[in-house]
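These figures come from a predicted structure and were not determined experimentally.
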Amino acid sequence: MAGQNGIFMGIDLRCQVNNHTHRTEEMDLERLLVRRGQPFSLALQCSTPLNPENKLAMVLHLGKEGQVVVKVLETRAVHDKWWFRQQGAQSEVLLTVHSPADAPVGLYSMTVLLLSPDGHILEQTTLETFYLLFNPWCKADSVYLPDEELLEEYILNENGILYQGSWNQISSLPWNFGQFEQDVVDICFEILDNSPSALKNPEMDTANRADPVYVSRTITAMVNANDDRGVVSGRWDGKYDDGVPPTRWTGSVPILRRWSEAGAQRVRYGQCWVFSGVACTILRCLGVPTRPVTNYSSAHDTDGNLCVDYLYDNQLESVSEGRKDMIWNYHCWVESWMDREDLPEGYGGWQALDPTPQERSDGVYCCGPCPVKAVRDGDVGIKYDAPFVFSEVNADLVTWIVYPDGQRSQVSLNQKTVGRNISTKSVYGDYREDITKHYKYPEGSVKEREVFEKAGRRVSQLKAGKGQLELKIKHAQAILGTDFDVIVEVHNVGGEDTVAQLTVTSNAVTYNSLHRGECQRKTASLTVPAQKAHKEVLRLHYDHYGACVSEHNVIRVTALVQPSGQQSAILQEVNISLSMPQLHVKVVGDAVVSRKLIAHISFTNPLPITLRGGVFTAEGAGLTSAREIQAPGDIGPGQEVKVKLSFKPTRAGLRKLLVDFDADRLKDVKGMATVIVRNK
């Protein structure tokens with residue numbers, strides 16, 4: 001063994017030098033973290049120069065039980081083998097170790113051996129460990145991305161933006177990915193170790209970790225806790241008392257730590273942006289270029305017919321049964337960059353991966369990786385899960401009225417509603433980049449229709465011809481806590497007066513279309529003169545909607561006009577996102593590593609009611625782990641509350657402190673402060 005009357009005195013992993021060269025220094029400087037396909041160096045310390053007749057060799061073990069054994073020799077091997085070069089200098093031997101660009105990622109243990117001329121082990125070093133990660137800077141790696149600005153964002157940026165709201169009122173949610181925070185890399189591999197494949201056949205799973213397609217698909221299954229020892233449990237019914245409301249999270253790190261510290265127990269609760277944020281953290285940490293994506297008016301097509309069918313009775317009560325098709329106001333997933341050597345040429349690049357548990361794929365709640373190009377071109381036979389992703393951005397929305405006798409009438413067809421303003425954060429700053437063109441050709445274009453036919457989609461037609469009446473819904477910017485007007489206009493474009501029945505409802509819904517309760521309803525009998533319009537005003541009072549509005553603060557207004565006679569009924573629907581207040585966050589002090597800073601956080605209650613049980617949550621990569629501060633008592637209407645948070649930055653650079661405020665009747669209030677931290 002090293003240092004016991006032998007030649008080997010020890011081994012220096014040269015963590016600072018190697019981690020800097022491999023762009024992992026933000027993760028750790030005390031442990032060795034390197035990227036595959038790129039050499040790293042070790043210093044073997046010896047008591048005397050080595051006998052030239054003896055040889056050095058290395059043995060690597062990979063896997064939880066060291067199932068995979070790699071022997072490393074001092075011979076330049078073909079590109080798919082490990083090898084090393086040695087260079088003696090007095091009492092040290094510098095070993096330059098070369099890993100293949102398709103080596104499995106994971107935690108390796110390593111021993112250096114001294115061999116006699118006939119191959120017997122004379123001496124060996126004590127066991128050392130290092131992590132090997134994917135390498136998007138290496139041309140031979142299947143995650144290679146030849147653009148430094150993109151890598152700066154999609155691998156190295158620990159802060160980001162997740163987009164929420166609605167297609168015509170987009171809001172941004174700052175998110176702390178924190179992929180380089182302490183122990184996150186350990187947790188990422190712990191997640192892989194807890195996958196069903198790893199538990200069932202560890203040796204095969206370890207070998208498969210060379211492939212980013214396999215690893216990323218495993219992550220989409222493991223981020224949700226539906227089938228396995230996954231990380232986050234999803235919930236959408238508003239009942240979060242036995243966990244954390246999804247809106248309270250401001251980053252991935254507290255979720256990952258909570259899962260690990262509880263012994264791989266699911267963390268309650270998440271929704272789509274939480275799943276995508278956690279998946280983005282894990283994949284960036286492992287070295288796979290990844291970005292979060294938001295699709296507005298996203299279809300969840302449960303029966304695979306590329307149509308989302310809404311069924312109402314003639315009083316505008318939903319009569320859909322069983323598993324309902326739905327349009328989500330928005331839906332978040334991630335894209336990861338990789339070659340697809342398992343597919344015909346041309347499908348490499350961005351791959352859609354969706355960790356939110358919606359439908360099973362190969363019997364498991366996971367989705368992807370699906371080439372974005374396959375979605376755009378209608379190649380729905382390409383794996384994985386192309387038909388589902390295609391429908392998320394392309395399905396038709398068809399609305400039916402079901403009459404008491406069981407007859408149904410199609411009252412609206414919208415082929416342009418689904419898949420709008422598909423968004424991700426720009427690599428050039430904190431603003432939105434629209435990537436819709438990557439997923440679909442322009443609406444109504446010849447190419448788009450060709451793609452629909454290629455995907456086997458029957459192009460829907462509105463069953464009835466155009467009638468005399470047209471319907472529009474208008475509203476001003478609506479602010480949570482205030483009363484506001486919604487105007488329904490019924491236009492008669494025909495040459496005769498028309499008698500009709502108008503029904504207008506407003507419902508509190510979640511961002512993914514679950515109903516939480518009716519706010520108000522209005523019915524009116526109309527006579528609309530030829531070439532004129534009738535305007536009906538529905539005033540929405542906070543007294544009515546405040547009690548049932550969801551934590552997503554969305555009101556859905558639906559209007560149905562039923563003309564007398566043979567004309568068909570018409571339906572229109574809008575989702576109104578209520579504007580939210582913001583927290584004010586100001587950081588005071590000299591921003592230096594390990595020196596105390598104070599954040600002043602203030603909030604003014606915008607609602608006409610008293611808020612109770614208020615809690616502030618703050619975190620920031622390189623600034624502070626997640627902290628909670630209770631609000632000092634109840635907060636009356638219009639009352640301002642102020643709290644302070646002291647913390648000591650742990651890492652230099654541009655850092656962001658993210659703060660959330662939740663109370664009994666108001667959730668998801670966010671604030672942020674940017675801090676530039678210097679080294680001492």
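Here Leu353 contributes atom CG and Ser216 contributes atom OG; the two are 4.5 Å apart, rounded to the nearest 0.5 Å. Rounded to the nearest 0.5 angstrom, Leu578 CG and Asn553 CG are separated by 5.5 Å. The structure places CG of Asn329 at 6.5 Å from OG of Ser513, a figure rounded to the nearest 0.5 Å. Annotation: the span from Glu203 atom CD to Leu62 atom CG amounts to 10.5 Å, rounded to 0.5 Å. Atoms CZ and CG, on Phe180 and Leu33 in that order, are 10.0 Å from each other to the nearest 0.5 Å. The distance from the CD atom of Gln38 to the CG atom of Leu132 is 10.5 Å, given to the nearest 0.5 Å.
Side chain of Asp147 to main chain of Glu149: a donor-acceptor pair is present (N/O by atom type, distance under 3.5 Å, no hydrogens or angles). The backbone N or O of Met27 lies less than 3.5 Å from no partner atom in the side chain of Glu181, so there is not a single donor-acceptor pair. The closest donor-acceptor contact from the side chain of Gln351 to the backbone of Gly349 lies under 3.5 Å. No donor-acceptor pair under 3.5 Å is formed between the side chain of Arg556 and the backbone N or O of Val509. Of the possible donor and acceptor atoms, one in the side chain of Ser195 sits under 3.5 Å from a partner among the backbone N and O of Ala198. A donor-acceptor pair under 3.5 Å is absent between the side-chain atoms of Asp205 and the main chain of Asn201, judged by distance alone. Although no hydrogens or angles enter the test, the distance criterion places a donor-acceptor pair under 3.5 Å between the side chain of Lys440 and the main chain of Val393. Using a distance-only test at 3.5 Å, with no hydrogens or angles considered, a donor-acceptor pair links the side chain of Thr510 to the main chain of Leu514. Between the Arg627 side chain and the Leu645 main chain, no donor and acceptor come within less than 3.5 Å of each other. In this structure, the side chain of Ser298 does not engage the main chain of His331 through any donor-acceptor pair within 3.5 Å.
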Output, in order, the C-alpha distance, side-chain angles, deciding distance and verdict of side-chain contact (heavy atoms from CB on, under 4.5 Å) for Leu32 and Asn19. CA-CA 7 Å; Leu32 182 60; Asn19 291 6; 3.7 Å; yes
Apply side-chain hydrogen bond (donor to acceptor under 3.5 Å, both in side chains) to residues Tyr269 and Asp242 and explain how you reach the verdict. CA-CA 9 Å; Tyr269 289 103; Asp242 59 340; 2.8 Å; yes
Evaluate the side-chain contact (heavy atoms from CB on, under 4.5 Å) criterion for residues Asn295 and Arg420: first the C-alpha distance (whole Å), next the side-chain angles of each, then the deciding distance (0.1 Å), finally the verdict. CA-CA 6 Å; Asn295 176 39; Arg420 306 170 90 161; over 6 Å; no
Where do Asn224 and Val232 land on the side-chain contact (heavy atoms from CB on, under 4.5 Å) test, with the steps shown first? CA-CA 5 Å; Asn224 71 72; Val232 182; over 6 Å; no
Start with the C-alpha gap between Arg257 and Ile255, add the side-chain angles, then the distance that decides, and say whether side-chain contact (heavy atoms from CB on, under 4.5 Å) holds. CA-CA 6 Å; Arg257 285 184 177 153; Ile255 296 169; over 6 Å; no
Evaluate the side-chain hydrogen bond (donor to acceptor under 3.5 Å, both in side chains) criterion for residues Trp333 and Thr220: first the C-alpha distance (whole Å), next the side-chain angles of each, then the deciding distance (0.1 Å), finally the verdict. CA-CA 10 Å; Trp333 58 75; Thr220 72; over 6 Å; no
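Leu657 has its side chain within reach of Thr624: a pair of non-hydrogen atoms, C-beta onward, lies under 4.5 Å apart. Counting heavy atoms from C-beta outward, Ile191 and Val231 have side chains that approach closer than 4.5 Å. Two residues are said to be in side-chain contact when any heavy atoms from C-beta on lie closer than 4.5 Å; Phe177 and Asn159 fail this criterion. Inter-residue side-chain proximity for Pro136 and Tyr154 is flagged as unmet; no heavy-atom pair is nearer than 4.5 Å. Between Lys648 and Leu597 the shortest side-chain heavy-atom distance does not fall below 4.5 Å.
Counted by atom type alone, Ser336 and Thr290 present one or more donor-acceptor pairs between their side chains at under 3.5 Å. Side-chain N/O atoms of Arg229 and Asn194 include a donor and acceptor closer than 3.5 Å. With 3.5 Å as the limit, one finds no donor-acceptor pair spanning the side chains of Asp141 and Asn135. Counted by atom type alone, Trp137 and Glu148 present one or more donor-acceptor pairs between their side chains at under 3.5 Å. A donor atom on one side chain and an acceptor atom on the other are not found under 3.5 Å apart for Tyr439 and Arg376. In the model, Gln271 has a side-chain atom that pairs as donor or acceptor with a side-chain atom of His552 under 3.5 Å. If you check the side chains of Thr424 and Glu433, you find no donor sitting under 3.5 Å from an acceptor. Judged purely by distance below 3.5 Å, without hydrogens or angles, the side chains of Ser423 and Arg432 pair a donor atom with an acceptor atom.
Scanning both residues, Ala663 and Leu611, for their nearest heavy atoms gives CB-CB, 4.0 Å. Between Thr294 and Tyr330, the shortest heavy-atom distance links the atoms CG2-CB, 3.7 Å. Listed here is the closest heavy atom pair of Cys370 and Ala386: SG-CA, 3.6 Å. When every heavy atom of Ala299 is checked against every heavy atom of Ser391, the shortest pair comes out as CB-O, 3.3 Å. Closest of all the heavy-atom pairs between Thr218 and Tyr214 is OG1-O, 2.8 Å. For the pair Tyr108 and Ala103, the tightest heavy-atom approach, listed with the atom from each and the gap, is OH-CB, 4.0 Å.
Relative to the ring axis of Tyr131, Arg31 does not place its NZ or CZ within 45° and under 6.0 Å from the centre. A cation-pi geometry, defined here as NZ or CZ lying under 6.0 Å from the six-membered ring centre and within 45° of its normal, does not hold between Arg340 and Tyr347. Judged by the 6.0 Å and 45° rule, Arg291 forms a cation-pi pair with Trp350. For Arg36 and Phe134, the positive end is not near the middle of the six-membered ring at less than 6.0 Å and at most 45° from its axis.
The only member of Asp211, Asp342, Asp354, Asp385 that meets salt bridge (Lys or Arg N to Asp or Glu O under 4.0 Å) when paired with Arg217 is Asp385. Among the candidates Glu619, Arg655, Lys656, the single residue satisfying the side chain to side chain donor-acceptor pair (under 3.5 Å) test with Asn176 is Glu619. Among the candidates Trp249, Tyr511, Tyr163, the single residue satisfying the ring-ring contact (aromatic ring centres under 6.0 Å, His included) test with Trp273 is Tyr511.
A salt bridge does not link Asp662 with Lys667: every distance from a Lys NZ or Arg NE/NH1/NH2 to an Asp or Glu carboxylate oxygen is 4.0 Å or more. Ionic pairing of Lys239 and Asp241 is not present here: no N-O contact between side-chain nitrogen and carboxylate oxygen is shorter than 4.0 angstrom. Ion pairing of Arg516 with Glu551 is present here, as a side-chain N (NZ or NE/NH1/NH2) and a carboxylate O approach within less than 4.0 Å. A salt bridge is defined here as a Lys NZ or Arg NE, NH1 or NH2 lying under 4.0 Å from an Asp or Glu carboxylate O, and Glu158 with Arg651 meets this definition.
Counting non-hydrogen atoms of other residues, nucleotides and ligands closer than 6.0 Å to NE2 of His515 gives a total above 12. Counting heavy atoms of neighbouring residues, nucleotides and ligands inside a 6.0 Å radius, atom CZ of Arg258 does not exceed 12 of them. Atom CD of Gln182 has 12 or fewer heavy atoms from other residues, nucleotides or ligands within 6.0 Å.
Using cut-offs of 30° and 60° for the angle between ring planes, the Phe661 and Phe616 rings count as tilted.
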